[in-house]
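The structure appears below as structure tokens.
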Amino acid sequence: MNENDTERMLAFLKELRYRPTDTPELADLILINTCSIRDKAEQKVYSTAGRYKRLKKRKPELLIGISGCVAQQKGGELLKRMPYVDLVIGTHNIHRLTELLKKVREEKTRVVSTELYNSIDSKEFPTPEVEGIKAYVSIMRGCDNYCTYCIVPYVRGREVSRPARDVVEDIRRLVDRGVKEVTLLGQNVNSYCGDVSFPELLRMVCRVDGIERVRFVTSHPKDISEELIYLFGEEDKLARSMHLPIQAGSDRVLERMRRRYTVSEYLNKVELLRRLYEDMSISTDIIVGFPGETEEDFEKTMKVVKEVEFDSIFSFKYSPRPGTEAATYKDQLPDDVKQRRLEVLQALQKEITLKKNRLLVGKTMKVLVEGESKLDKTELTGRTTCNRVVNFPGDKGLTGSMVDVTITDAYANSLRGEL
Ligand code: 5AD
Ligand code: SF4
């Protein structure tokens, strides 16, 4: 989500003839795009900004801006806390970036813009500036679910969908720039509610000439329809992978998280997906140490993880977010308990991922080639339909094409293979 916001900002900045640089010392403008999902992400903002403050001392004309969820939440407070910051721009104001920057430059003032809107202006979503063959396209904004631990509804506002034709138009433009794989983005894509249903939007996107593969994130387990599940059997371009955050394996915890599904409802959906498509990969998000999570609750999460054997897991220690309901719960757990649970869970998943990766050795899989491998220029890197990274020797002219690769080795985070 944040990466896509950055790409949208790059599209606007291009109008003012800014170009990206990897060297902060050369920059005329540094925009820090922030995340407030957990406290650790939020704290990074202050340390990162502190580093750039020094650059500004040497080069006073350097402009520094803060965008994203922390900007949305803290607004003008950031200007007070960091006197060297020129611009604070919230999550709904990205399309005003050029206008605000001009104001900062011409009027030599500091600007804060954090209004939230209940509708989407098509100007807000320029075609993102991307490099390479993969792109993210936002199909909606915001979230109405109010899970009790989560800051997103407060910093990204109400759920609003983009019209399908705008989404398809963006994707056509991305294809013209060489994109082959598109990931449709939303906090909860299954409640996409534009002029067509989400499955219909997926069909339209799969029909765009030049697109080879289509993915989407994130799906809320309570909203996955059977129509969507059956679509994987109808649309060849739809990648066989699904990110389906379970968050916890105990019904009691799920209820206090306000997730609105039970573990058995979740498991039924996974079971149907796997029964229909044997190559379907399922990844998930898990929070450990939610307030009041007992050892028994945590064991239930471990049991589900063993049972489902997820292809991969993103796991986090619960982090109380000011303003959310769960932050006010009295039964917060100490960090050492959270840390231990996180380590135990991650050790279990490491074994499962490796075991599942090893089962792929000997199989020949379709890989969409993304380009040269970063570690070894004689190798190519790409992903399988089930979203695993595969490295293999090959000519970089194959970038952007779908090739058959036989898997020869499996590691914790990637596979090796040969054409
Ligand atoms: N603490 C820890 N993890 C969180 N997530 C969301 N809010 C919090 C929080 N307060 C996790 C959820 C979500 C992922 C994007 O981040 O697992 O799916
Ligand atoms: Fe946050 Fe996702 Fe829940 Fe929305 S559905 S409140 S984004 S965890």
Side-chain angles (χ1 to χ4, degrees), residues 1-18 20 29 31-37 63 65-75 78 86-104 111-130 135-145 151-177 179 182-189 191-196 198 201 204-205 208 216-218:
M1 197 69 62
N2 282 43
E3 250 175 69
N4 180 251
D5 286 352
T6 302
E7 289 161 356
R8 283 164 53 212
M9 287 191 272
L10 284 172
F12 285 120
L13 289 172
K14 206 172 171 187
E15 288 172 21
L16 293 185
R17 313 188 57 179
Y18 281 103
L29 165 70
L31 262 177
I32 305 170
N33 192 20
T34 64
C35 171
S36 57
I37 197 90
L63 297 181
I66 314 263
S67 60
C69 294
V70 177
Q72 184 60 45
Q73 206 181 13
K74 302 265 152 113
L78 295 176
D86 301 285
L87 169 71
V88 174
I89 181 165
T91 53
H92 287 195
N93 290 275
I94 290 178
H95 61 302
R96 297 189 53 213
L97 181 59
T98 47
E99 168 206 335
L100 297 169
L101 267 176
K102 277 189 197 157
K103 194 171 156 117
V104 171
V111 177
V112 178
S113 176
T114 52
E115 300 82 1
L116 287 179
Y117 308 100
N118 286 331
S119 59
I120 284 188
D121 182 333
S122 57
K123 284 203 298 289
E124 283 180 59
F125 288 91
T127 306
E129 276 296 302
V130 298
Y136 292 107
V137 171
S138 285
I139 63 167
M140 59 203 296
R141 172 184 85 190
C143 181
D144 289 344
N145 284 315
I151 194 76
V152 168
Y154 304 94
V155 288
R156 290 198 177 259
R158 298 288 59 73
E159 214 166 270
V160 195
S161 299
R162 295 179 67 198
R165 61 172 186 286
D166 286 8
V167 172
V168 170
E169 204 41 55
D170 264 356
I171 295 172
R172 288 214 179 94
R173 276 192 219 113
L174 287 166
V175 167
D176 289 342
R177 298 183 202 163
V179 165
V182 70
T183 302
L184 305 188
L185 271 184
Q187 304 294 348
N188 180 10
V189 287
S191 51
Y192 172 80
C193 167
D195 33 354
V196 302
F198 181 57
L201 176 68
M204 289 165 73
V205 173
V208 172
F216 55 90
V217 281
T218 290

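None of these values were measured; they are calculated from a predicted model.
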Verify, without hydrogens or angle tests, whether [X] (side chain) and [Y] (backbone) share a donor-acceptor contact under 3.5 angstrom.
X      : Y      : value
Gln72  : Thr91  : yes
Asn2   : Thr34  : yes
Gln187 : Thr218 : no

Point-to-point distance, once rounded to the nearest 0.5 Å, from [atom1] of [X] to [atom2] of [Y]:
X      : Y      : atom1 : atom2 : result
Glu115 : His92  : CD    : NE2   : 11.0 Å
Leu101 : Ile89  : CG    : CD1   : 7.5 Å
Arg158 : Cys143 : CZ    : SG    : 8.0 Å
Arg177 : Thr127 : CZ    : OG1   : 5.5 Å
Arg141 : Glu124 : CZ    : CD    : 4.5 Å
Leu100 : Asn93  : CG    : CG    : 7.0 Å

Could you check if a side-chain atom of [X] sits within less than 4.5 angstrom of a side-chain atom of [Y], using non-hydrogen atoms only?
X      : Y      : value
Cys193 : Glu159 : no
Val160 : Asn118 : no
Arg162 : Ile139 : no
Val208 : Val182 : no
Phe198 : Leu184 : yes

Heavy-atom closest contact ([X] atom, [Y] atom, distance):
X      : Y     : value
Pro128 : Glu7  : CB-CB, 3.6 Å
Ser138 : Asn4  : OG-OD1, 2.8 Å
Cys69  : Ser36 : CB-OG, 3.3 Å
Met9   : Leu31 : SD-CD1, 3.9 Å
Leu29  : Tyr18 : CB-CE2, 3.7 Å
Thr114 : Ala71 : CG2-O, 3.5 Å

message = I'd like to know whether OH of Tyr136 has more than 12 heavy-atom contacts from other residues, nucleotides or ligands below 6.0 angstrom.
response = no
ask   = Considering residues, nucleotides and ligands other than Asp176, do more than 12 of their heavy atoms fall under 6.0 Å from its CG?
value = yes
request  = Apply side chain to side chain donor-acceptor pair (under 3.5 Å) to Arg96 and list each qualifying residue two or more places apart in sequence or on a separate chain.
outcome  = Glu99, Ser113
inquiry  = Test of understanding: with side chain to side chain contact (heavy atoms under 4.5 Å, CB included), list the residues that count as partners of Pro163, not counting sequence neighbours.
reply    = Arg165, Asp166, Asp195
ask   = Taking it one step at a time, do Val88 and Lys74 satisfy side-chain contact (heavy atoms from CB on, under 4.5 Å)?
value = CA-CA 9 Å; Val88 174; Lys74 302 265 152 113; over 6 Å; no
ask   = Taking it one step at a time, do Leu63 and Leu87 satisfy side-chain contact (heavy atoms from CB on, under 4.5 Å)?
value = CA-CA 8 Å; Leu63 297 181; Leu87 169 71; over 6 Å; no
ask   = Do Arg8 and Asp5 meet the salt-bridge criterion of a basic N to acidic O distance under 4.0 Å?
value = yes
task = Could you walk me through whether Arg173 and Asp170 pass salt bridge (Lys or Arg N to Asp or Glu O under 4.0 Å), step by step?
result = CA-CA 5 Å; Arg173 276 192 219 113; Asp170 264 356; 3.5 Å; yes
message = What verdict does the side-chain contact (heavy atoms from CB on, under 4.5 Å) test give for Met1 and Cys35, after you've listed the backbone C-alpha separation in whole Å, the side-chain angles of each residue and the deciding distance to 0.1 Å?
response = CA-CA 10 Å; Met1 197 69 62; Cys35 171; over 6 Å; no
request  = Just jot down the ring-ring contact (aromatic ring centres under 6.0 Å, His included) partners of Tyr192, sequence neighbours excluded, or say none.
outcome  = none
ask   = What is the ring orientation for Tyr117 with His95, classed by angle as parallel under 30°, tilted 30 to 60°, or perpendicular over 60°?
value = perpendicular
